[in-house]
S.K.: 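Take this structure, written in structure tokens, and hold onto it; I'll ask about it next.
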Amino acid sequence: MSLFLIPLLPLIGILVPLFTERLGRNACATATAVLPACSLALVLMAAPNVFDGVVIQQQLGWIPALNLDLSFHLDGLGFLFSLLILGIGLLVILYARYYLSEKEAVGRFYSYLIMFMTAMLGVVLSSNLIQLWFFWELTSVSSFLLISFWGHNTDARKGARMALAITGAGGLALLAGLLLIGNLVGSYDLRAVLDSGDIIRNSSLYPVILLLVLGGAFTKSAQFPFHFWLPHAMAAPTPVSAYLHSATMVKAGVFLLARFYPVLADTELWFLIVTLTGLSTLLMGAYIALFKHDLKGLLAYSTISHLGLITLLFGLNTELAAIAAVFHIINHAVFKASLFMAAGIIDHECGTRDMRVINGLWKYMPITATLAMVAAASMAGIPLLNGFLSKEMFFAETLHQSTLGALSWLIPVLATVGGALAVAYSLRFIHDVFFNGEPKEIPKKPHEPPRYMRVPVEILVAICLLVGIFPQWTVGPLLDAASMAVLNAPLPKFDLALWHGINLPLMMSLVAVVAGSTLYYHRRNLFRFQAQFPEVDAKVVFHNVVNGIMLSARKLNAKLENGSLQRYAFLLLLFALLLAGAPLLSLDLSSYAETTPPDGVFITGTILLMLGSIMTVLWSHKRIVALLMLSLVGVIVSVAFAYLSAPDLALTQLSVEVVTIILLLLALFFLPQESLMDRTKPSHIVRDLSLATLIGSVVGTISYALLTQPLDSISTFFLENSKSGGGGTNVVNVILVDFRGFDTMGEIAVLGIAALGIYKLLAGMTLYMPSKDMANRPWAKEKHPMILSVVSQSLLPLSLLISAYIFLRGHNLPGGGFIAGLVTAVALIQQYLAHGVEWMSKRVKISYHSMIGVGLLIALLSGLGSWLFDRPFLTSWFDYFSLPVVGKFELASAMVFDLGVYLTVIGATLLILAHLGKLTTTERLEEKY
Amino acid sequence: MKLVDHIAVLPVLLPFLAAILLILPPLQGRIQWQRSFAIAANLLLLIISVWLLVTINNQGIQVYALGNWQAPFGISLVADTMAALMLLLTSVLGLSAHLYACAGDDARGSFFHPLFMFQLMGINGAFLTGDAFNMFVFFEILLIASYALMIHGGGKQRTQANIHYVFLNLIGSTLFLFALGTLYGTLGTLNFADMADRVAYLPTEQLPLAKAGGLLLLAIFGLKAALLPLQFWLPRTYSAATPAVAALFAIMTKVGIYSIWRIHGVIFGEQAGELANMAQAWLWPLAFLTLAMGCIGVLASQSLRLLVANLVIISVGTLLMAVAINTEQTTAAALYYLIHSTLVAAALFLIAGIVQQLRGKAEDRFVTARKIAKPAFIGTCFFIAALTVIGMPPFSGFVGKALLLKSTIDQPQMAWFWGAILIAGLISLVTLARAGTTLFWRSQGNQVTSESTPALQIVGVVILLACFPLLVAFGGPVTELTQQAAAQLYQGITLTAGAM
Amino acid sequence: MEALYAACVGLMTTCGIFMMLRGHTFTLVMGLLMCSYAVNLFLFGSGGLTLDAPAILGQAKQHADPLPQALVLTAIVIGFAMTAFAVILAMRGRADLGNDHVDGEEPMDPLAKPSVPTQETK
Amino acid sequence: MLTISIMIACGMVLIALILNSWRLVVGPNTPDRIIAVDTMYINSIALILLLGMYRGSPLYFEGALLIALLGFISTSAFCKYLLRGDIVE
Amino acid sequence: MPFWIEVIASALLLLGAFFMLLGSIGLVRLPDFFTRLHAPTKATTLGIGATLLASLLMFTYQTGEFGIKELLITMFLFITAPVAAHLLAKAALHHRVTVLGDEKTQQRIVQARKQAPPVDEPLDTKVD
Amino acid sequence: MKIHRSFALLPTPFHSLLLWLVWLALNDFSAGHMVLGAFLAIGIPLLVSPLSADEPVAKKPLVALRYFFMVLWDIVVSNIEMMKRVLGPIKRLKPGFIVVPLDLSGELPLTIFTSTISLTPGTVSVEFSEDKKWLYVHALHIDDEQAMVAHIKQRYEQPLKEVFGC
Ligand code: NA
Ligand code: NA
């Protein structure tokens with residue numbers, strides 16, 4: 001037998017209902033049940049081994065980096081839980097067949113249910129910590145789906161969300177705890193971990209680990225103060241409650257306590273936290289249960305209370321208490337599942353679950369009533385029923401503890417109070433529903449449910465009785481095996497008999513029954529007392545808390561992310577300043593000295609440049625003037641490049657600058673002509689100016705340091721290899737088209753993309769065109785001054801010739817494809833300027849974006865050409881030829897590349913300008929002069 | 001040279017060629033042809049990425065000397081495992097986003113397909129390059145393409161968001177050049193390996209300069225990655241973009257993170273002498289705050305797209321915290337998390353797009369609206385993606401998160417890191433549960449929206465969603481690769497190869 | 001000479017950044033342009049300043065560092081493409097949003113008339 | 001002698017540049033400023049030519065040529081802007 | 001380099017520089033826009049012409065080949081300078097800059113701005 | 001406007017020649033550049049022919065040449081004039097607008113005429129009337145308006161009319 005099959009069969013089973021849904025509810029339910037039933041059979045087949053104390057383990061590697069193995073084991077505890085999960089699961093499948101109506105998505109429901117079943121099996125069978133957590137979270141996920149099955153219902157949505165949030169948070173804590181455990185033990189194998197209890201308990205991290213793991217367990221098991229999600233999860237269809245909230249999901253929490261009992265228990269901290277949590281949950285749950293008018297609400301709080309009881313037992317740190325806990329897990333699962341199912345039947349048949357209107361059902365559904373009453377009695381801890389046995393053990397164990405010192409007596413007393421409350425709410429369940437007069441206005445006329453809907457309840461109640469009467473015979477071996485697994489040690493002696501003689505626990509039971517009955521009898525006073533306190537709806541509170549957090553997050557977010565680019569830019573620059581400026585504090589500039597004294601030209605240039613820059617800023621409100629100043633700056637920068645031995649740069653900067661200015665002028669027409677300065681607060685000016693100055697200082701300082709220090713760079717290589725390796729004497733150009741041709745390819749790609757992007761920006765743009773200029777003067781009449789047109793036309797061939805000249809000499813002298821392209825483009829722009837877009841578009845039929853494409857393609861192909869010669873991309877080739885008349889000349893692949901650059905530049909520049917110009921084809925209203 | 005010898009340059013050249021052909025006749029202006037061609041190119045790119053990964057696995061790191069000029073003089077491309085993983089991630093992302101767009105979004109403006117290809121070219125180049133200035137160039141390619149793609153479809157919101165995005169990045173580009181100038185001026189070289197080599201032997205008086213330059217780069221990468229306080233552009237930009245574009249953008253923040261690994265993890269990494277790990281001190285608190293800001297954003301989001309955009313910020317914060325912790329194990333874990341978080345963000349953007357289509361006027365805002373006609377499919381998609389992003393089993397999110405937690409277990413920053421990640425997970429859980437239940441279940445009246453979802457959109461989403469279980473099922477091999485990548489990064493194998 | 005050069009670069013950066021922070025797209029573009037001049041000079045200066053030494057073989061006795069020049073050339077072209085995009089984007093912003101403010105506040109532009117946001121069409 | 005002449009000429013051109021920039025600063029009108037910049041373009045051409053002569057290098061010629069070509073286009077664009085607002089209508 | 005070439009080149013240079021300076025002085029000194037327009041249009045153009053001639057002379061001698069590149073710039077400037085001046089004048093006219101001149105001039109400005117033929121009767125229209 | 005299209009190999013032989021010479025001037029007078037220059041000189045005009053309008057051809061090239069040198073001389077003279085005005089006392093200037101009635105027609109002739117006026121002593125052409133019958137000219141110093149107009153018409157308009165035959 002393969003252990004993997006146990007969770008694997010239901011896993012496959014998730015799909016079964018989806019495919020069988022259309023065959024009808026009977027077929028669907030039957031088909032769905034098949035695989036879990038097989039799984040159950042497999043579990044049962046392993047019983048002999050398990051009862052012999054043999055632990056079966058199987059594993060497969062999965063993600064070693066995470067120490068996540070696909071690893072399962074089957075010990076007593078796992079066996080017990082598998083039985084509950086599969087057994088009760090099968091009953092719930094049967095029950096749900098009748099519970100859900102024809103109209104509902106039965107397939108989806110079963111699918112979720114099986115998904116949940118798989119997840120639960122995974123949890124209880126995992127022998128790898130991470131895998132355990134994996135399935136643990138899956139239970140939260142699938143229970144979310146189940147609770148929210150009626151998602152159109154607000155309560156269902158909110159309940160499911162709350163359940164997910166709380167159990168999810170617990171899951172996160174658990175993950176942290178498990179990782180810490182794994183790290184501490186050095187293994188994520190559960191078997192290894194279980195044997196390393198001492199390492200963990202003695203570790204300094206023990207309190208943290210304990211809190212994290214308990215966080216997982218308590219949230220899942222709805223322990224106080226995390227209990228509030230469970231009642232709201234009752235918005236789920238009742239089969240879900242019967243399954244999740246009695247036998248399985250909420251038990252996952254106590255399962256975790258049981259699983260890690262050998263590792264984490266037996267310390268004072270454990271005792272304090274677990275016992276007190278359990279105790280308060282026990283009391284609180286039982287007390288509130290008493291006041292719930294909703295049938296399922298009562299059961300939910302009773303569940304909370306019983307989970308508290310189990311937790312309390314685990315907390316007591318005695319072996320017998322742990323055994324009692326395991327026993328109560330079984331018992332509670334059985335009677336609570338049957339009670340939920342009964343409640344579901346009542347709800348189903350009456351159309352309501354409100355005990356204030358449901359009365360006297362004994363008359364209408366005697367069989368169901370009997371079953372429910374037996375189960376309720378078990379819940380109350382009445383002898384002859386299973387609930388009584390574990391409660392007796394519980395009372396007994398509360399007496400055997402002393403960690404609270406002189407206050408230790410409180411625990412048994414409070415336990416008895418809890419017992420009394422349980423009796424009271426059980427009584428209410430029985431009396432208020434089945435007796436207490438006639439039903440009030442309920443939507444349906446109640447009668448017995450369909451035959452097979454009752455079967456699951458009958459089976460479960462039968463178990464209650466059988467276990468209650470013949471405990472040793474029915475659950476003895478199972479309990480032994482499970483307890484052994486929990487304790488991870490040989491079992492102490494204990495007796496599972498119905499009668500232990502008259503002892504203190506029996507007295508406590510008696511007191512509980514009497515007190516509980518009295519309490520119920522005087523319930524009206526109690527209800528009146530309770531009515532003084534406002535009822536706190538956890539859902540509303542939770543909702544309000546989450547909403548409150550979201551609202552304040554929204555406010556904070558709006559304050560921080562205020563939509564001001566100014567602020568974002570300021571932050572970016574400030575951040576950059578801090579990053580670049582901080583290291584400079586330790587820069588010692590004294591070792592840096594000037595090498596060249598400045599001459600007159602340089603000084604004048606500097607003055608002009610500074611003047612131009614400052615004037616640009618000062619005039620930035622009057623944009624046209626600022627542009628003029630900026631264009632001056634551009635020219636001076638170009639001249640500076642020429643002066644500082646960079647002719648190529650000078651040419652490029654100059655041509656780019658002119659095209660840019662033209663572009664800005666074009667744009668300026670459509671933008672406000674002046675910036676409104678009165679918007680800016682003086683304090684902002686000071687702030688911005690300070691930042692700008694600081695950044696400027698940092699940049700200047702770095703620049704000075706770089707200029708005055710010797711640099712050992714790779715550039716000598718370029719100077720040495722330019723002619724021999726690249727075939728050109730203009731080293732800058734050879735770098736561009738050869739050594740770093742890849743950069744240039746990228747650069748023209750940028751240009752091409754920008755043009756395409758601009759084309760997109762311009763598409764469908766409608767702009768406000770001022771009919772007067774900024775001083776409210778109407779525009780001049782003449783669109784295209786004649787002499788400009790004439791002169792531009794005659795300059796065009798000349799400009800093209802010059803661009804050809806610049807292009808061809810680029811490899812050896814200043815120039816190259818880029819500058820030539822810009823010169824051509826500028827010459828054509830001049831034509832646009834002189835004649836207008838319309839005139840040009842009639843005459844120039846070139847598709848500029850095709851031109852970009854061709855340019856890029858040529859550049860790319862010139863690079864790919866080298867593949868034919870078994871060289872890497874962009875490897876250049878050049879050679880010298882001679883022809884009769886022409887003489888010797890050079891041909892180089894770099895020139896083809898440069899041609900690509902040339903075409904791309906022209907295409908991109910003109911695509912931008914020509915389309916920009918098209919915006920204005922709409923005629924402006926000519927103003928009267 | 002066989003084609004396999006050129007494999008490192010193919011991920012750049014293929015999209016470039018495709019983009020060029022897409023703007024030329026006969027493809028130009030024929031939307032159906034363009035679609036088929038672009039998808040074919042994407043598929044080819046995916047194949048090449050896989051091939052590259054296999055090649056690196058078999059033959060080691062691939063170094064490609066462009067123009068046959070050896071490093072450090074020429075530009076070389078260095079394809080190590082990390083780069084190859086990023087390329088593979090990009091191609092999966094590209095393919096699914098592109099398929100989604102082919103359902104009709106691509107026709108809502110011009111040049112979508114070529115721009116998309118250019119974008120891929122830029123991203124791939126940024127991942128592959130081994131040269132600082134070339135990195136700048138590829139950054140600019142991917143940026144300019146993203147500027148153009150972002151406004152695809154037009155409209156007020158996009159313009160507004162694009163203005164922020166473009167101008168901030170333009171400032172960033174300017175800073176990038178300042179940084180490059182400073183680094184070239186002190187180190188005298190641009191090749192990563194050579195730079196790393198020279199950083200170690202820098203004279204003391206030049207250390208502050210190199211440090212200033214290096215840290216300035218952090219600002220630029222931080223801007224790309226959306227590190228606080230540079231993250232403000234992200235939510236609006238990503239949420240305003242067309243779904244397919246937003247999905248592709250999911251990789252863009254990761255380019256920033258990848259670059260921090262490359263530059264600050266390697267050039268200024270362990271062996272950098274006095275400058276070793278200089279970025280980490282800055283990175284740690286800021287990454288933490290980024291994550292916090294992401295959480296605030298997630299809580300504040302009132303539409304699915306904004307929510308997803310803020311989730312991206314959370315993932316960035318998480319990753320950068322991991323980067324700041326700076327161990328081999330953390331890096332391996334972070335790489336896995338990066339792959340997963342990128343895919344899931346993309347998936348969520350696509351899903352948000354579909355939701356927006358389906359809900360009529362309510363779009364993807366968290367308000368009550370008419371019922372979605374067939375909520376099951378898209379709801380399931382959302383549910384899967386949400387589980388993944390929260391980090392819940394059975395999808396890849398939990399692996400990423402658990403790997404990160406596990407890898408930091410013995411680090412001094414552990415408590416903060418764990419706290420941050422776990423709380424962020426909880427916040428995502430709460431908000432996504434709310435979002436999902438509102439979008440798919442809360443409805444008003446009995447009217448049902450009539451729009452249906454085109455098949456290609458579904459295909460796009462499904463491809464991404466399929467990655468999540470696969471990343472878990474094949475978690476073993478994948479984590480092996482991420483560990484190999486981290487090892488190459490930390491043992492300087494890439495450097496040695498790049499300096500050849 | 002170096003000090004003056006550096007001062008110039010610093011001042012231009014200052015001016016550029018100050019303009020960038022003025023809250024209008026147009027001033028932003030101008031600021032960027034100014035900064036790009038500054039950054040070009042900065043990048044160029046990273047290789048040191050040389051007079052009468054163009055990097056053209058056979059035309060001078062010594063040669064300036066050609067690499068920064070090549071880098072600046074690339075930077076200029078890319079900067080041009082970016083500026084062009086930014087300028088048109090500023091126009092698009094005016095068309096779609098009715099003003100050219102980027103300070104996140106309500107527009108106060110008297111010339112602006114609210115226009116219909118445009119859709120990009122083929 | 002030529003060197004000295006070049007230097008003197010250079011000085012004069014620089015003074016001219018400064019004078020032009022004064023006009024640029026004071027204005028008072030935008031057209032005034034445009035002339036100032038236009039004149040500065042031409043002065044720059046002279047300066048570059050003088051530089052070429054001083055250094056004995058023909059490499060600067062193209063710079064001068066381009067300034068001549070582009071300066072004119074730039075000036076006409078500015079004027080066109082003042083006249084019609086839209087420069088390529 | 002022969003002395004005479006040096007002398008001629010120097011003279012041309014100084015002359016050129018002088019005229020350029022003259023143009024700029026005019027630009028500063030002259031009282032209104034239109035008068036200022038005269039200075040650079042003429043003086044600067046001539047100045048640059050002379051400088052270019054000097055350059056031509058020098059390089060022709062140095063390289064031993066007849067280089068007339070400089071003539072190209074000269075030609076170019078002589079073609080464009082008047083066009084630029086014309087455009088500037090038009091712009092100024094449109095811009096309504098203050099113009100010095102008698103009644104007749106003011107009247108003509110108004111007509112010119114409208115691109116209308118001149119009228120002989122004096123107009124009331126005031127020009128700002 | 002008529003769109004000029006010429007499919008002849010040399011659409012404007014004069015242009016081609018000029019371009020060829022310019023090419024040689026830019027480079028050198030080597031055989032290689034003569035061939036290359038010829039290609040360009042023929043190719044470029046062909047390429048731009050859609051963008052060029054029909055232009056009247058100078059019918060009397062010799063007169064044109066004389067006119068050219070005359071203008072060149074006038075430019076020198078005008079600059080000396082300028083020098084006096086600029087450096088002399090500003091207050092004595094009598095600037096103002098004059099109007100020149102035009103007999104000339106055609107775009108190219110008018111362009112040459114206005115350019116000449118702008119380059120020569122004391123005048124800058126400002127604006128045409130819409131019908132291109134009048135030219136407004138700004139004069140730096142007006143002594144005798146009539147004489148000035150007459151001088152302009154006689155010295156510049158007359159020869160241009162002769163050159164272009166209109
Ligand atoms: Na009742
Ligand atoms: Na090459």
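Letters A, B, ... mirror the listed sequences (proteins, then strands); counts begin at 1.
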S.K.: Dump the intermediate steps for side-chain contact (heavy atoms from CB on, under 4.5 Å) on F/V124 and E/L88, then the final yes or no.
M.R.: CA-CA 10 Å; F/V124 172; E/L88 277 163; over 6 Å; no

S.K.: F/L87 versus chain E, heavy atoms under 4.5 Å apart: side chain, backbone, both or neither?
M.R.: both

S.K.: Using a cut-off of under 4.5 Å for heavy-atom pairs, which of F/V126, F/I142, F/I98 has the most such pairs with chain E?
M.R.: F/V126

S.K.: Check F/V99 against E/R108 and note the closest heavy-atom contact, atom names and distance.
M.R.: CG2-NE, 3.1 Å

S.K.: Looking only at heavy atoms, which of residues 147-157 of chain F get nearer than 4.5 Å to chain E?
M.R.: none

S.K.: Given heavy-atom pairs under 4.5 angstrom as the criterion, report whether the side chain, backbone, both or neither of F/T120 touches chain E.
M.R.: backbone

S.K.: Nearest 0.5 Å please: distance from the CE atom of E/M75 over to the CG atom of F/L18.
M.R.: 5.5 Å

S.K.: Nearest 0.5 Å, what's the CG-CG distance between F/L119 and E/L77?
M.R.: 10.5 Å

S.K.: Counting a contact as any heavy-atom pair under 4.5 Å apart, which residues of residues 73-81 of chain F contact chain E?
M.R.: F/I75, F/V76, F/S78, F/N79

S.K.: Identify the heavy atoms of E/P117 and F/Y136 that sit nearest to each other, and give their distance.
M.R.: C-OH, 3.3 Å

S.K.: Can you tell me which portion of E/L100 sits under 4.5 Å from chain F's heavy atoms? Options are side chain, backbone, both or neither.
M.R.: both

S.K.: Any salt bridge (charged side-chain N to carboxylate O under 4.0 Å, His left out) pairs touching residues 123-136 of chain F, not counting sequence neighbours?
M.R.: A/K781-F/E130, A/E782-F/K132, E/K90-F/E127

S.K.: Find the distance between CE (F/M83) and CD1 (E/I25) and round it off to the nearest 0.5 Å.
M.R.: 11.0 Å

S.K.: Do the side chains of F/M82 and E/F19 get nearer than 4.5 Å, heavy atoms only?
M.R.: no

S.K.: I'd like to check F/V71 versus E/F78 (side-chain heavy atoms, cut-off strictly below 4.5 Å). Are they in contact?
M.R.: no

S.K.: Tabulate, in ascending numerical order, the residues of residues 31-46 of chain E having at least one heavy atom closer than 4.5 Å to a heavy atom of chain F, or enter 'none'.
M.R.: E/P31, E/F34, E/T35, E/L37, E/H38, E/A39, E/T41, E/K42, E/A43, E/L46

S.K.: Between E/Q115 and F/F128, what is the shortest heavy-atom contact and its length?
M.R.: NE2-O, 3.3 Å

S.K.: Can you see which heavy atom on E/V83 is nearest to which on F/S115, and at what distance?
M.R.: CG2-OG, 4.5 Å

S.K.: When only pairs under 4.5 Å are counted, which of F/L135, F/V22, F/T123 shares the most heavy-atom pairs with chain E?
M.R.: F/T123

S.K.: Where is the tightest heavy-atom contact between F/S125 and E/A89, given as atom of each residue plus distance?
M.R.: O-CB, 4.2 Å

S.K.: Roughly how far, to the nearest 0.5 Å, is the OG1 atom of E/T105 from the CD atom of F/E145?
M.R.: 7.5 Å

